[in-house]
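Owing to the predicted nature of the structure, the values given are computational and were not obtained by experimental measurement.
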Amino acid sequence: MLALGDIHLVEGTNANVYLIAMPTTLIVVDAGLPGMERLVLKYVDEHGLARNREPLIIVTHAHYDHVGGLKKLKEALNARVACHAEEEPYVKGLKYIGRYKHEPVDVDLVLRDGDLVAGRLLVIHTPGHTPGSICLLDTATKALFTGDLVYEESGVLHEIPRQYSLNPVMNREQ
């Protein structure tokens, strides 16, 4: 188990699915690949994170490894789904990024740069990787959920490889 206060990392999900157990809301940051929802649901159940909390899944961007399991996770948790306005058509399956197609999901909450979600998560629009990529700054803990803007390896932050971003120049500017 990897947890820091009320922030939990569900290990083995490939795309780093995070859970934030707030007093009345369970935030799920990204959903992972198809099948990964089982790991998320097992973690939520084992740690009692859904008790008395309304679940909200926030999609940082609509690449398959972040939304592949979204539909099943949304249904299993009876959760609402949020994403940036520019990512909404991708989450809803009106457009796709890449060759893999996820199951379309309705978006319940459309986010924009500067929005504050659940009273503490600041939405930072970081286009480049995808048009509606976002980071989330937890104003309570100062944790930053970067989606695929950057990745960490051996304690060092790196830019996502250029071939994975729709606009690598814009991604770098973020």
Side-chain angles (χ1 to χ4, degrees), residues 3-10 13 15-32 40 49-50 53-71 73-74 77-98 102 104-152 157-162 164-174:
L4 179 61
D6 60 1
I7 300 172
H8 304 255
L9 171 62
V10 182
T13 57
N16 292 332
V17 175
Y18 289 93
L19 307 170
I20 308 168
M22 297 178 183
T24 60
T25 307
L26 174 62
I27 300 289
V28 181
V29 179
D30 290 324
V40 176
L49 298 180
R53 292 185 177 100
E54 181 181 337
L56 174 65
I57 304 168
I58 302 176
V59 175
T60 62
H61 66 287
H63 275 155
Y64 190 68
D65 61 332
H66 290 255
V67 296
L70 181 60
K71 184 173 176 77
L73 189 59
K74 174 184 169 107
L77 288 173
N78 192 28
R80 295 182 315 136
V81 170
C83 70
H84 189 273
E86 290 188 42
E87 211 71 2
E88 183 180 17
Y90 300 98
V91 173
K92 292 170 80 171
L94 302 173
K95 296 179 177 180
Y96 287 94
I97 301 169
H102 65 279
V105 176
D106 285 333
V107 174
D108 304 292
L109 180 61
V110 176
L111 304 173
R112 290 181 170 57
D113 188 58
D115 285 352
L116 195 62
V117 180
R120 102 179 211 201
L121 294 175
L122 179 65
V123 176
I124 304 166
H125 185 210
T126 54
H129 186 59
T130 68
S133 289
I134 60 170
C135 293
L136 299 166
L137 175 62
D138 184 339
T139 59
T141 65
K142 305 302 182 217
L144 181 64
F145 302 91
T146 62
D148 280 349
L149 180 66
V150 293
Y151 70 97
E152 178 272 334
L157 288 178
H158 300 275
E159 178 181 0
I160 197 81
R162 297 175 66 82
Y164 298 123
S165 291
L166 293 177
N167 187 332
V169 172
M170 185 182 283
N171 189 67
R172 175 167 266 201
E173 290 172 355
Q174 302 307 317

Checking L136, T139, L137 against R120 for side-chain contact (heavy atoms from CB on, under 4.5 Å), the one that qualifies is T139

When rounded to the nearest 0.5 angstrom, what distance separates CD in E88 from CG in L109? 10.0 Å

Side-chain donor or acceptor of D65 paired with backbone N/O of A15 under 3.5 Å: no

Give me the atom names and distance for the closest heavy-atom approach of D108 to R80. OD2-CA, 3.2 Å

Does the gap between the ring centers of H102 and Y90 come in under 6.0 Å? no

Quick check: does any side chain N or O of T13 sit under 3.5 Å from a backbone N or O of V10, one acting as donor and the other as acceptor? yes

For residues D148 and H66, report the shortest heavy-atom separation together with the two atoms involved. OD2-NE2, 3.1 Å

Work out which heavy atom in L49 is nearest to a heavy atom in R53; give both atom names and the distance. O-NH1, 2.9 Å

Can you tell me how far apart CG (L121) and CG (L111) are? Round to the nearest 0.5 Å. 10.0 Å

To the nearest 0.5 angstrom, please state how far the CG atom of L19 sits from the CD1 atom of I7. 10.5 Å

Result for side-chain contact (heavy atoms from CB on, under 4.5 Å) between I134 and one of E87, H129, H84 points to H84

Minimum heavy-atom separation for G132 to E86, with atom names? CA-CB, 3.9 Å

Could you measure the distance from the CG atom of L56 to the CD1 atom of I27? Nearest 0.5 Å is fine. 4.5 Å

Taking all atoms of both residues into account, what is the closest heavy-atom pair of C83 and V107, and its distance? SG-CG2, 3.8 Å

Intermediate values then yes/no, side-chain contact (heavy atoms from CB on, under 4.5 Å), L70 and V59: CA-CA 9 Å; L70 181 60; V59 175; 3.9 Å; yes

Provide the closest heavy-atom pair for G147 versus T60 in the form atom of the first, atom of the second, distance. CA-OG1, 3.5 Å

At what distance, to the nearest 0.5 angstrom, does NE2 of H125 lie from OG of S133? 7.0 Å

Taking the side chain as every heavy atom from C-beta outward, state whether I124 and D113 have any pair of such atoms under 4.5 Å apart. yes

I'd like to know if the side chain of D30 reaches the main chain of G32, judged simply by a donor and an acceptor atom lying under 3.5 Å from each other, with no hydrogens or angles considered. no

Between the CG atom in L73 and the CG atom in N78, the distance rounded to the nearest 0.5 Å is 11.5 Å

Test of understanding: with side chain to side chain donor-acceptor pair (under 3.5 Å), list the residues that count as partners of D106, not counting sequence neighbours. none

